[in-house]
Amino acid sequence: MKRKGFNESRVMRKLDEEVRNALIVNSWELLTAFTKIERKDKIQYLMETYYLSYSRIEDIIILDKK
């Protein structure tokens, strides 16, 4: 019999996503503060590191600023 209601794997997946997004934002802030890398190159680095699209990286960075 399946248990209704609480979905542990969904909660863990959401938590993993939040941690990943925090790491992306912190990486962005560090790259901005300590390097003179252009915006597109920073995004490209984050894309390769976290296997996300250009637009997804931008969304994560922009959402943090709100």
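Remember, predicted model here, so these are calculated numbers, not experimental data.
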Open item on the list: Surrounding OH of Tyr45 (heavy atoms of other residues, nucleotides or ligands, distance under 6.0 Å), is the total greater than 12?
Closed with: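 Incorrect, the count does not exceed 12.
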
TODO: Calculate, to the nearest 0.5 Å, the distance between atoms CZ and CG belonging to Arg13 and Leu15 respectively.
DONE: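 So the CZ of Arg13 and the CG of Leu15 are separated by 12.0 Å.
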
Task: From CA spacing to verdict: side-chain contact (heavy atoms from CB on, under 4.5 Å), Ser27, Leu46 - done: CA-CA 8 Å; Ser27 297; Leu46 293 171; 3.7 Å; yes

Open item on the list: How long is the straight-line distance from CD of Glu29 back to CD1 of Ile61, given to the nearest 0.5 Å?
Closed with: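 If we round to the nearest 0.5 Å, Ile61:CD1 and Glu29:CD are 8.5 Å apart.
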
TODO: Kindly work out whether a path of hydrophobic side-chain contacts (I/L/V/M/F/W/Y, heavy atoms less than 4.5 Å apart) joins Ile57 to Leu30.
DONE: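 No, it is not one cluster - the side chains of Ile57 and Leu30 are not joined through contacts under 4.5 Å.
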
Task: Single-linkage hydrophobic cluster, 4.5 Å side-chain cutoff, Leu52 and Val19 together - done: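 Yes, because Leu52 and Val19 connect within a single hydrophobic cluster, where side-chain heavy atoms sit under 4.5 Å apart.
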
Task: Flag side-chain contact, heavy atom, 4.5 Å: Asp16 against Arg20 - done: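 When only atoms from C-beta onward are counted, Arg20 and Asp16 do not touch, as no gap falls below 4.5 Å.
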
Open item on the list: With rounding to the nearest 0.5 angstrom, report the NZ to CD distance, Lys40 to Glu58.
Closed with: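 So the gap between those two atoms works out to 13.0 Å.
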
Task: Side-chain touch Ile60/Val25, heavy atoms, less than 4.5 angstrom - done: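 SC-SC contact between Ile60 and Val25 confirmed.
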
- [ ] Report the distance from atom CD1 of Ile37 to atom CD1 of Ile43, rounding to the nearest 0.5 Å.
- [x]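 So the gap between those two atoms works out to 12.0 Å.
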
- [ ] Answer yes or no: does atom CD of Glu18 have more than 12 heavy-atom neighbours from other residues, nucleotides or ligands under 6.0 Å?
- [x]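 Result for CD/Glu18: enclosed.
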
